[in-house]
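Structure first, commentary second.
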Amino acid sequence: MNTTLTATPSPLPRPRTAPGGPAGTRPRGSAGSRPRGAAGSRPRTPAQGGPSRTAPRALPPHTVFAERLLAVLSGERPVHWMLGHTVGVAYEQLVRLAPETPLRSLGPRPVLRRCSVQVHSPQAVVEAFATIATGARVRAMAFRLERGEDQRWRCAAVELDGLGLAPRHA
């Protein structure tokens, strides 16, 4: 007796298996599951430029200092907040200028719009300039950062709207 076995279709669908293992062991977000978010959008991964959930992206030192100077010169933070972050005449410049709160706005909080650098010595000196929006007005701020022997950046000079803030001589 010669019998041939033929496969008959099953009335129940077969469970789907992932390429690497049995069904149900597939990582979330792979093919077959709907991404969360707007219709048709895909979740962004760090490789695609999206934010990383494990570690925050560190800002460059010139941007950090621009935000710090903005906070002091707008009256949001006291001048002594910059005490360990300045060297030379920069702290004296801030002490003299901060009480006037030159970047304070009657409208919305002043915002750092742009901050760029010119590197003089890649290891030790950076000159930065920033534009700050204070309501409808745009202000200019320049500052110099110097890296100390302890490898920390410190502000060494500040200018606002092109006017040097060096101490006045009597």
Side-chain angles (χ1 to χ4, degrees), residues 27-29 34-170:
R28 291 191 169 269
R34 184 170 184 263
R36 303 204 188 281
S41 68
R42 292 178 44 196
R44 296 176 74 179
T45 63
Q48 295 171 329
S52 170
R53 296 197 191 276
T54 56
R57 190 175 136 202
L59 294 174
H62 63 277
T63 304
V64 171
F65 273 88
E67 289 284 356
R68 284 182 153 284
L69 290 169
L70 172 61
V72 169
L73 295 175
S74 67
E76 190 176 309
R77 292 283 190 162
V79 71
H80 67 265
W81 189 54
M82 292 292 290
L83 193 56
H85 302 282
T86 55
V87 293
V89 299
Y91 187 73
E92 295 170 19
Q93 293 169 332
L94 290 173
V95 166
R96 196 180 78 245
L97 192 63
E100 300 170 17
T101 58
L103 295 179
R104 178 169 284 177
S105 173
L106 297 176
R109 180 191 181 277
V111 177
L112 180 67
R113 287 180 44 181
R114 181 178 177 202
C115 188
S116 300
V117 294
Q118 183 176 12
V119 179
H120 289 286
S121 171
Q123 304 301 319
V125 178
V126 170
E127 287 186 355
F129 57 93
T131 53
I132 298 164
T134 57
R137 186 174 180 190
V138 177
R139 309 283 301 267
M141 179 173 62
F143 53 97
R144 179 182 176 98
L145 298 178
E146 295 177 356
R147 183 175 269 178
E149 290 180 15
D150 60 356
Q151 299 303 308
R152 291 180 52 205
W153 290 100
R154 291 182 178 84
C155 184
V158 180
E159 287 187 15
L160 191 61
D161 296 327
L163 304 173
L165 302 178
R168 295 181 187 142
H169 299 285

Nearest atoms (heavy-atom pairs only) where [X] meets [Y]:
X	Y	answer
Ala128	Val117	CB-CG1, 4.0 Å
Pro110	Ser74	CG-CB, 4.0 Å
Ser105	Gly135	OG-N, 3.7 Å
Leu69	Cys155	CD1-SG, 4.4 Å
Ala133	Arg113	CB-CD, 3.4 Å

Side-chain contact, heavy-atom cut-off 4.5 Å: [X] with [Y]?
X	Y	value
Pro102	Arg139	yes
Glu146	Arg154	no
Val72	Leu103	no
Met141	Leu160	yes

Value rounded to 0.5 Å, distance of CZ in Arg114 from CD1 in Ile132
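It is 13.5 Å, given to the nearest 0.5 Å.
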
So how far is it from Glu100 CD to Leu73 CG, rounded to the nearest 0.5 Å?
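If I round to the nearest 0.5 Å, the distance is 10.0 Å.
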
Residues 75-82, side-chain donor-acceptor partners within the protein, below 3.5 Å, at least two apart:
{"unit_1": "Glu76", "atom_1": "OE1", "unit_2": "Arg109", "atom_2": "NE", "d": "2.7"}
{"unit_1": "Glu76", "atom_1": "OE1", "unit_2": "Arg109", "atom_2": "NH2", "d": "3.2"}

Show which side-chain atoms of residues 60-68 pair as donor or acceptor with protein atoms under 3.5 Å away, not counting sequence neighbours.
{"unit_1": "Arg68", "atom_1": "NH2", "unit_2": "His85", "atom_2": "NE2", "d": "3.3"}

